[in-house]
Amino acid sequence: PLLVMSQSKQILQLLNDGEKHCVTEILERMFIVDYRRRMCDLKEQGYNLISEPCGGRCGRRHNSGVHCWQLKRELKQGILI
């Protein structure tokens, strides 16, 4: 049987490298109708997601308030989470 990865897991897989990813990149890589809801879902699950204006860091000129997202990893009692 074909296994389909949830949209939240797809986003998490992308962000797992710890780098900043522009919303434009996220939307181009996967078809997600409401990526903001998926980001909220991940935050509610305890993932520490950082969002900040892209400002063209991705190499594209944005004419709106496009944001970059990053999964922030923290050390807790010597364990990387």
Side-chain angles (χ1 to χ4, degrees):
L2 177 65
L3 297 176
V4 178
M5 188 182 307
S6 73
Q7 292 177 347
S8 295
K9 287 190 181 197
Q10 289 178 50
I11 292 172
L12 189 58
Q13 186 176 42
L14 176 66
L15 297 179
N16 201 34
D17 64 5
E19 299 295 321
K20 294 177 182 172
H21 293 274
C22 177
V23 166
T24 304
E25 175 188 1
I26 294 169
L27 295 176
E28 284 178 350
R29 286 187 173 207
M30 54 199 83
F31 179 74
I32 297 177
V33 176
D34 188 0
Y35 78 91
R36 292 172 295 184
R37 181 67 245 167
R38 302 293 77 81
M39 296 301 189
C40 288
D41 292 345
L42 289 169
K43 285 182 175 184
E44 288 171 2
Q45 292 173 30
Y47 291 99
N48 187 5
L49 299 177
I50 307 295
S51 171
E52 59 184 46
C54 179
R57 289 182 206 170
C58 66
R60 300 175 188 180
R61 292 179 46 126
H62 301 293
N63 294 326
S64 62
V66 173
H67 278 69
C68 286
W69 287 86
Q70 180 180 26
L71 176 62
K72 184 75 173 174
R73 297 184 181 272
E74 300 172 346
L75 284 174
K76 289 190 179 178
Q77 298 178 356
I79 300 172
L80 182 64
I81 59 168

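Among L42, I11, L15, the one residue that satisfies the side chain to side chain contact (heavy atoms under 4.5 Å, CB included) test with L71 is L15.
Between R38 and D34, no side-chain nitrogen of the basic residue sits less than 4.0 Å from a carboxylate oxygen of the acidic one, so the salt-bridge criterion is not met.
Residues I32 and L27 approach most closely at O-CD2, 3.8 Å, considering heavy atoms.
With a 6.0 Å radius and a threshold of 12 heavy atoms from other residues, nucleotides or ligands, R37 has its CZ atom above the threshold.
In this structure the side chain of H67 reaches within 4.5 angstrom of the side chain of P53, judged on heavy atoms.
Other members of the hydrophobic cluster containing V33, listed by chain and number, are F31; membership follows side-chain contacts under 4.5 Å among ILVMFWY residues, whether direct or relayed.
With rounding to the nearest 0.5 Å, the separation of CG in N16 from OH in Y47 is 8.5 Å. With rounding to the nearest 0.5 angstrom, the OG atom of S51 is 6.5 Å from the NZ atom of K43.
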ask   = Hey, mind stepping through L14 and M30 against side-chain contact (heavy atoms from CB on, under 4.5 Å) and telling me if it holds?
value = CA-CA 10 Å; L14 176 66; M30 54 199 83; 4.2 Å; yes

> Which is it for M39 and V23 under the side-chain contact (heavy atoms from CB on, under 4.5 Å) test, yes or no, and what are the steps along the way?
Replying inline: CA-CA 11 Å; M39 296 301 189; V23 166; over 6 Å; no

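Within the structure, salt bridge (Lys or Arg N to Asp or Glu O under 4.0 Å) pairs that include any residue of residues 8-23 comprise K20-E52 (at least two apart or interchain).
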